[in-house]
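See below for the structure under consideration.
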Amino acid sequence: MEVAIPDRLSVLADVAEVVSQSHDLEETLENVIQRVGLRLNADVCSVYLTDPDLQHLTLRATMGLDPGAVGRVRLSFGDGLVGLAAQSGETVAKAHASQDPNYQYFPETGEERYESLVAAPMKIRRGIVGILVIQSAASRRFDDQDTVVLETCARLLAPVVMNAQLLDLGGRSEDERSKALSRLTEAGLLRPSAENARQEHNVELRGIATARGVAIGPIHRLENPISLHHTEYIPDENPKQEREDLRGALAEARREIDEMRLVVEDRFGPEFAAVFYIQVQILEDKGFVHALEEAVAERGDAVRGLRDVLGQYRRTFDRIEDPYFKERGSDVEDVGRRILEKLLGVRHSQVPVAPGSVVVVDQILPGLFARLEMDKVSAIVAEHGGATSHGAIFARTLEIPAVTGVAGIGVHARSGETAVVDGEAGCVYLSPDTAMLAEYESAQHRYAVAVEHLDAVKGRPAETRDGRRVVLSANVGLVNDLNLVARHGAEGVGLFRTELLALAHRGFPGEEEQEELYSRVCSFLDPAPLTIRTLDLGGDKGIPNIGLEDEENPQLGCRSIRLTLENTRAFRVQLRAILRASTLGNVRLLLPMISGVDELREARKLIEKVKVELLREGVGFDAEIPIGVMIEVPSAALIADALANECDFFSIGTNDLTQYTLAVDRGNERVAHLYEPLHPAVLALIDRSVRSASRFGIPVSVCGEMATHPLAVPLLVGLGIGELSGTPGAVPVVKEIVRALSMDEVARDAREALASASPEEVHAIAASRLRKSGLLEHADIGDWLCNAVEEHVPIDPA
Ligand code: PEP
Ligand code: MG
């Protein structure tokens with residue numbers, strides 16, 4: 001059938017008019033697609049706009065597709081023909097779209113009837129704000145002139161979209177606005193302003209503080225992982241061969257993961273290697289493999305099949321809000337990339353790096369730790385990812401300074417240039433000038449001197465000048481942390497956070513595995529004590545291994561002991577494993593988040609039941625195992641007498657105690673300035689707990705971050721705390737502080753602090769004590785301590 005070609009010039013005039021009168025984006029998009037669709041005689045005309053992450057597109061208006069798909073169809077740059085236009089920045093025109101290897105079908109749109117497609121990018125400078133698409137049934141093929149017209153319409157529409165986005169920023173906070181602007185600049189949509197352009201020196205990039213420490217070294221950029229979306233691959237003509245290739249790639253990927261697991265296990269221990277089991281689990285997942293085989297068989301192209309299946313998985317994970325599960329999406333991507341590499345014949349080998357290198361990567365993936373000689377790596381900086389990924393945990397455990405989520409590092413960092421990485425502040429500086437370099441070198445030097453001094457005095461007891469002994473122990477979560485316990489001279493483990501096992505293992509291990517692990521830790525530490533805390537899930541620790549349900553207010557919901565008392569099966573398994581391991585050393589059992597005596601009684605009843613079971617089975621355990629209560633809810637501190645009467649020790653969790661006392665979510669940046677463990681109200685609850693403990697003759701420790709804060713240490717000792725448990729690396733400096741104090745003086749300080757009206761007054765009391773004790777002028781650790789304290793209270797020259 002002959003189709004009348006409309007007057008193309010009138011389309012452009014129409015669109016220009018709509019655009020010039022635009023005041024509402026939705027309305028403008030609607031008017032444009034109606035006019036373009038009609039005048040170009042297309043069956044479908046749609047607009048996809050780039051999402052704020054600048055990596056995805058969402059269908060925002062359509063004429064011809066199912067209107068219900070608007071706002072629901074979302075694709076990545078690179079996905080399908082529309083995504084391809086976004087990624088390449090070039091118009092994609094296809095007469096037989098569905099036969100194209102890049103074609104991707106979105107069932108929500110019902111688009112399979114359309115064959116001919118033109119997708120024109122809406123460009124602003126080097127960036128893409130969206131894609132304008134026309135589609136038609138086979139009987140109407142678009143020609144070159146249609147393409148030119150559509151491109152012009154896209155060009156006319158682009159500034160309207162960009163303006164709407166910029167106007168939208170007006171209602172955001174300063175911080176959000178500046179982040180969005182720098183994202184737009186990086187994506188090439190905005191001209192870099194003077195301060196955004198890459199300076200030669202002191203280029204500051206910010207990210208997420210992931211592992212503490214300062215490093216200075218030459219940048220070593222690791223190549224970006226192979227792109228799943230942009231790969232040259234010509235499938236074999238025989239589809240059978242493609243299926244064979246897929247099977248071969250799966251087997252080879254499996255072999256490679258096994259190899260990496262062995263290397264990592266050998267270097268860093270089995271807990272590190274556990275993450276590779278997760279990857280094997282994905283590779284062997286029947287659903288995943290079946291979906292792959294089906295997709296490859298259907299498309300006759302192994303890479304396309306793999307890409308489509310991964311696309312489906314990605315869309316599923318994208319919809320998940322839980323950060324832990326979201327991270328697992330990156331495990332699937334990692335496995336997918338590995339399969340792709342095998343299909344393309346890529347093999348990884350060890351990467352040689354110069355000593356002291358700052359390694360810049362796209363994400364900190366676990367495989368990195370198998371490929372790099374980690375003893376030569378001084379820091380890791382990643383463009384993407386967050387502080388809870390497996391790789392981030394590895395970096396922290398190995399005490400390698402790391403910053404993640406550093407937008408722009410991939411664009412700005414040059415191989416070989418010097419970088420300063422401040423893992424505590426979450427900052428990276430490229431090409432520091434002489435002044436900045438000197439500043440950081442001296443910070444590094446101060447830290448090194450302090451560490452050297454502290455290591456040298458590691459063997460001395462933590463005892464005040466007048467002979468009060470304070471036990472300094474470590475908080476740990478992975479078996480590998482035990483090396484740090486020994487290295488920094490901690491006297492045992494005051495808090496073993498067992499929920500981290502779930503993070504490393506994906507799901508909580510069974511009884512045998514737990515027993516084996518606790519036994520190992522226990523034997524390693526014996527005769528030093530090991531305090532094992534039972535599962536403390538929920539709240540900020542949303543590890544979904546026992547089906548945590550969504551709650552309106554998880555911090556106040558069914559978390560921690562409440563959850564374990566509801567799921568007694570998992571609790572029993574853990575209690576059995578802890579009790580079985582208790583014969584091998586000095587084990588204490590700690591119950592988290594107790595808020596009243598009923599919870600304590602119920603938990604104790606269960607412990608007794610498990611003991612009877614073990615007795616009946618003839619399995620040995622320590623019948624006298626001390627059972628402690630964490631004081632981390634104000635109600636527990638307020639009824640501390642009642643609790644002390646029914647337990648063997650207290651451990652004060654000041655992280656949560658602060659959160660619940662001050663009604664400040666510990667993970668919410670907006671209220672972070674209100675999160676203050678040295679608030680007199682928190683001190684009052686600690687004081688009350690210590691007094692109860694002393695009345696009932698039970699020991700009391702503090703195991704929150706506060707235990708190692710230089711300003712808090714004198715006050716906690718003054719309040720009568722007998723044990724401080726914290727990050728292993730902080731133990732030496734806490735010891736130095738304790739040794740400079742006198743019990744009389746800090747007890748007086750503590751009384752004064754309890755009578756204070758504000759945290760600021762408390763800070764001043766503690767800072768003055770550090771000064772009077774000579775710590776701030778200490779030749780080796782003075783400068784370093786001043787730095788740590790200055791953040792809270794101005795340090796006057798003496
Ligand atoms: C605390 O709340 O202080 C504590 C030590 O437990 P966590 O930080 O694991 O909640
Ligand atoms: Mg807690």
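Being a predicted model, the structure only gives us computed values, none of them experimental. Both counts, for ligands and for their atoms, begin at 1 and track the order of listing. For this chain, numbers begin at 1 and follow the sequence in order.
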Considering only heavy atoms, does [X] approach ligand 1 within less than 4.0 Å through its side chain, its backbone, both, or neither?
X      : answer
Arg666 : side chain
Leu495 : side chain
Met706 : neither
Ile652 : neither

Is any N, O or S atom of Asp536 under 2.8 Å away from the Mg ion (ligand 2)?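 No, Asp536 does not qualify, because none of its backbone or side-chain N, O or S atoms lies under 2.8 Å.
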Count the heavy atoms of every other residue, nucleotide or ligand shown that sit under 6.0 Å from CZ of Arg562, and state whether that count exceeds 12.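 It does: Arg562 CZ has more than 12 such atoms within range.
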Give a yes or no on this: more than 12 heavy atoms of other residues, nucleotides or ligands lie within 6.0 Å of atom CZ of Arg487.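 Yes, because the 6.0 Å sphere around CZ of Arg487 holds more than 12 heavy atoms from other groups.
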Under a 4.0 Å threshold between the charged nitrogen and the carboxylate oxygen, would Asp687 count as salt-bridged to Arg751?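 Here Arg751 pairs with Asp687 in a salt bridge, since their nearest N and O are under 4.0 Å apart.
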Answer yes when Glu646 and Arg601 have at least one side-chain N-carboxylate O distance shorter than 4.0 Å, and no when they do not.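 Counted as a salt bridge, because a side-chain N and a carboxylate O are separated by less than 4.0 Å.
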Tell me, which N, O or S atom in Glu632 is closest to the Mg ion (ligand 2)?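 Checking each N, O and S atom of Glu632, the shortest distance to the Mg ion (ligand 2) belongs to OE1.
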Only N/O/S atoms count here: what is the atom of Asp656 closest to the Mg ion (ligand 2) called?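 For Asp656, the N/O/S atom sitting closest to the Mg ion (ligand 2) is OD2.
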Counting both backbone and side chain atoms, is some N or O of Arg497 under 3.5 Å from an N or O of ligand 1?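 Between Arg497 and ligand 1, an N or O pair is found under 3.5 Å apart.
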Hey, is Gln659 one of the residues with a heavy atom under 4.0 angstrom from ligand 1?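 So Gln659 does not count as touching ligand 1.
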Indicate whether the side chain of [X] and that of [Y] have a donor and an acceptor atom separated by less than 3.5 Å.
X      : Y      : result
Thr210 : Thr404 : yes
Glu513 : Tyr518 : no
Glu676 : Thr658 : no
Ser701 : Ser651 : yes
Thr498 : Gln574 : yes

Which atoms of ligand 1 sit under 4.0 Å from any heavy atom of [X]?
X      : answer
Asn655 : 1 (C), 2 (O), 3 (O), 4 (C), 5 (C), 8 (O)
Thr654 : 3 (O)
Asp656 : 1 (C), 2 (O), 3 (O), 10 (O)
Cys703 : 5 (C)

